[in-house]
Amino acid sequence: MSSLNSTVSPNAAFVRPQFFYIKGFSNIPHVKYYYIFLCFVYAVTVFANFFIIFISYTEQSLHTPKYVAVLNLAVLDICESTALIPKIIDTFLFDSQFITYEACLTNMFFVLFFTAMQSLTLVVLAYDRFVAICFPLRYRIIMTNTSMFVIIACVWVFTATLILTLVLLITRLSFCRSIVIESYFCDHGPMNRIACNDNFPNSLHAKICTAVFTFIPFSLIVLSYVCILSALLRIASGEERLKAMKTCTSHFILVIIGYLPFFITYIAAFMSIFNSNTRIICTSLSSTIPPMLNPIIYTLKTEEIVGAIRKLYKRNKIITSVLNQ
């Protein structure tokens with residue numbers, strides 16, 4: 001595939017190809033079943049997250065700062081899956097692996113933007129739990145719906161600025177050797193590596209984004225849980241301690257699901273343990289499975305949502321019985 005650019009001299013001043021070729025998997029039998037599985041993942045993700053949005057919007061008791069952040073996470077889960085999975089299906093299941101230069105950068109922006117937003121939203125949820133448990137008497141003063149909307153708006157603007165800068169820096173790269181992207185979407189790292197001019201600014205900004213959207217958020221979440229654990233140990237009543245701990249269970253599980261696969265894949269890739277196919281499977285699953293599991297975990301592990309579902313069921317049951325009379 002790199003031969004498509006063989007007519008261009010490596011010493012050419014600047015080469016911007018019309019198309020890129022997304023390579024994806026190599027020599028895996030029955031790989032189409034994996035893409036069909038991703039169709040199922042996408043359907044469950046959209047349905048489950050829309051359900052969370054519907055419950056959070058219609059149930060008055062869930063109009064709280066915590067559930068403003070949960071609703072934001074549900075929206076991000078749908079957006080990230082929509083930016084990633086349909087394109088994967090179109091690219092590989094229907095053999096449409098060529099993508100235009102502009103479409104490639106657009107795909108890169110939305111996938112990276114929504115992924116980064118998910119990470120920062122977990123930090124916002126950790127901050128909410130930190131204030132609720134460490135400063136319970138001041139929670140309603142510090143955390144209001146308005147303040148949560150402002151925090152989330154700032155996170156959206158901040159993330160969009162950094163990711164847009166990351167993507168726009170790609171436009172300064174020349175691709176005179178190859179147009180083959182060794183990934184399952186227009187991933188920044190593989191694109192950066194096939195550039196044939198100086199990519200130091202791109203690599204530097206990518207490392208900054210990795211730190212800002214992965215390592216720093218994870219460190220802040222760990223720090224918040226250290227403070228939460230310290231506050232829980234000071235609670236005299238075991239029943240009250242358990243009740244406070246339960247409010248963090250769903251978020252804690254989301255953090256494990258969101259970060260652990262990424263760190264395992266990141267370390268394995270850094271140590272060159274995974275081959276290309278294994279890396280693509282692991283990174284694609286770590287990007288697509290958490291958005292599907294997030295709403296399921298919140299539905300099963302959060303008493304407020306379980307209570308809201310019960311109230312909605314009883315309300316519909318009453319309405320049905322009245323209409324049938």
Side-chain angles (χ1 to χ4, degrees), residues 48-49 51-77 117-156 158-159 213-214 216-260 290-291 293-312:
N49 280 289
F51 181 74
I52 290 290
I53 293 169
F54 172 76
I55 288 290
S56 300
Y57 181 76
T58 57
E59 183 53 49
Q60 193 68 32
S61 63
L62 298 181
H63 293 181
T64 62
K66 175 184 175 180
Y67 286 99
V68 170
V70 170
L71 189 146
N72 180 64
L73 182 62
V75 170
L76 293 171
D77 286 341
M117 277 295 303
Q118 284 179 322
S119 180
L120 294 188
T121 301
L122 290 177
V123 178
V124 173
L125 283 165
Y127 174 67
D128 175 83
R129 291 300 84 203
F130 164 75
V131 175
I133 293 174
C134 297
F135 306 98
L137 299 179
R138 298 180 59 193
Y139 178 76
R140 293 185 182 278
I141 300 171
I142 298 172
M143 299 302 295
T144 64
N145 286 352
T146 302
S147 65
M148 183 58 81
F149 275 118
V150 170
I151 290 170
I152 289 173
C154 290
V155 170
W156 275 74
F158 172 75
T159 305
F213 295 123
T214 305
I216 293 176
F218 182 74
S219 300
L220 290 174
I221 291 170
V222 170
L223 181 62
S224 71
Y225 271 101
V226 169
C227 296
I228 287 170
L229 184 61
S230 176
L232 289 174
L233 292 174
R234 291 197 298 269
I235 298 175
S237 170
E239 186 178 342
E240 289 296 319
R241 190 185 303 128
L242 183 62
K243 185 179 177 181
M245 197 180 299
K246 280 184 177 180
T247 65
C248 300
T249 305
S250 54
H251 178 261
F252 184 73
I253 295 171
L254 295 192
V255 171
I256 293 173
I257 291 172
Y259 286 102
L260 187 61
L293 295 180
N294 289 347
I296 296 172
I297 290 165
Y298 259 102
T299 300
L300 297 177
K301 288 290 183 180
T302 309
E303 290 181 5
E304 296 97 328
I305 290 184
V306 172
I309 293 170
R310 285 173 180 164
K311 285 170 67 176
L312 181 65

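No hydrogens, no waters, no symmetry mates; every other heavy atom, side chains included, goes into these values.
- Counting only distance, with no hydrogens or angles, the side chain of Asn145 and the backbone of Val68 share no donor-acceptor pair below 3.5 Å.
- Between Phe218 and Tyr259, the ring planes lie tilted relative to each other; the angle falls in the 30° to 60° range.
- The two residues Leu232 and Arg241 have their closest heavy-atom pair at O-NE, 3.0 Å.
- Minimum heavy-atom separation, Thr247 to Lys66: O-NZ, 3.8 Å.
- The shortest side-chain heavy-atom distance between Val124 and Met148 falls under the 4.5 Å cut-off.
- Residue pairs meeting the ring pair (Phe, Tyr, Trp, His ring centres under 6.0 Å) criterion with at least one partner in residues 127-154, sequence neighbours excluded, are Phe130-Phe135.
- The nearest pair of heavy atoms linking Cys227 to Cys134 is O-SG, 3.6 Å.
- When every heavy atom of Ile152 is checked against every heavy atom of Ala69, the shortest pair comes out as CD1-CA, 3.9 Å.
- Val123 has its side chain out of reach of Val155: every pair of non-hydrogen atoms, C-beta onward, lies at least 4.5 Å apart.
- Within the structure, the salt bridge (Lys or Arg N to Asp or Glu O under 4.0 Å) test picks out no pair touching residues 129-138 (sequence neighbours left out).
- Taking both residues in full, the closest heavy atoms of Ile221 and Ala126 are given as CG1-CB, 4.0 Å, listed atom of the first, atom of the second, then distance.
- Looking at every heavy atom in both residues, Asn49 comes nearest to Ala74 through OD1-CA, 3.3 Å.
- Side-chain atoms of Ser56 do not come within 3.5 Å of backbone N or O of Tyr67 as any donor-acceptor pair.
- Side-chain contact check for Ile52 versus Ile55: every heavy-atom pair is 4.5 Å or farther apart.
- Among residues two or more places apart in sequence or in another chain, the side chain to side chain donor-acceptor pair (under 3.5 Å) test is passed with Ser61 by Glu59.
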